[in-house]
Every structure is written in structure tokens, then in C-alpha cells.
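Take a look at the structure set out below.
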Amino acid sequence: MALRRLGKDPESPNNGSPTVYLDDETGHYILQGWRVTDPGRLAQLDIPDHETVIEFPRRMLRFFPEVNDGARDGD
């Protein structure tokens with residue numbers, strides 16, 4: 001598996017998360033973000049035991065090639 005970092009949040013207070021990766025073999029995105037732990041929010045979701053959810057800011061959409069005409073926005 002070859003993960004390629006497409007971009008990380010320039011507004012992150014710790015300069016490391018969230019981050020968007022692309023798995024070159026599967027074509028799937030790997031998203032690094034803030035774990036959702038609020039019970040009220042989690043109660044609204046139906047999450048299987050083998051899955052999790054993260055919070056991901058809208059401003060990070062620019063790192064998806066489908067959104068920015070295939071161009072990389074950088075890190």
C-alpha cells in the first residue's frame with residue numbers, strides 16, 4: 001500500500017491534523033481528523049463496531065482532486 005499525503009490543515013493549531021491521504025492501490029481516501037467522542041453526537045449515528053467517525057473541517061475539501069480539478073493544493 002502506497003499512501004500519498006494530499007494535504008494537511010494549514011489552520012491546525014498543532015500543525016498535524018487533519019490530513020488527507022490517497023491510497024494509490026485502492027483509490028480510497030484515508031482521513032485523519034478529530035475523533036468524535038461526544039455521546040450526544042454519536043447517539044445520532046449508526047456506527048458498526050468495526051468503524052469509527054472523525055470530524056473533518058469543510059475547508060479541507062480543497063485537497064480532494066475531484067474538487068480542485070486534479071491539482072494538489074500542497075501541505
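Heads up: numbering here begins at 1 and tracks the sequence.
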Subject >> Residues that Glu51 engages under side chain to side chain contact (heavy atoms under 4.5 Å, CB included), provided they are two or more places apart >> reply: Ile47, Pro48
Original post:
What is the distance from atom CG of Leu22 to atom CZ of Arg5, rounded to the nearest 0.5 Å?
Top reply: 13.5 Å
Original post:
For Thr52, which residues count as a side chain to side chain contact (heavy atoms under 4.5 Å, CB included) partner, sequence neighbours excluded?
Top reply: none
Show me the donor-acceptor pairs within less than 3.5 Å that the side chains of residues 53-60 make with the rest of the protein, sequence neighbours left out.
unit_1: Glu55; atom_1: OE1; unit_2: Arg41; atom_2: NH1; d: 3.0
unit_1: Glu55; atom_1: OE1; unit_2: Arg41; atom_2: NH2; d: 3.3
unit_1: Arg59; atom_1: NE; unit_2: Asp9; atom_2: OD1; d: 3.0
unit_1: Arg59; atom_1: NE; unit_2: Asp9; atom_2: OD2; d: 3.2
unit_1: Arg59; atom_1: NH2; unit_2: Asp9; atom_2: OD2; d: 2.6

Original post:
Which residues satisfy the side chain to side chain donor-acceptor pair (under 3.5 Å) test with Ser17, sequence neighbours excluded?
Top reply: none
Original post:
Are Leu6 and Phe64 side-chain neighbours, meaning at least one heavy-atom pair lies under 4.5 Å?
Top reply: no
Sequence neighbours left out, cut at 3.5 Å: what donor-acceptor pairs do the side chains of residues 30-37 make with other protein atoms?
unit_1: Gln32; atom_1: OE1; unit_2: Tyr21; atom_2: OH; d: 3.4
unit_1: Gln32; atom_1: NE2; unit_2: Gly16; atom_2: O; d: 3.1

Subject >> Minimum heavy-atom distance Gly7-Phe63, with the two atoms named >> reply: CA-CD2, 3.4 Å
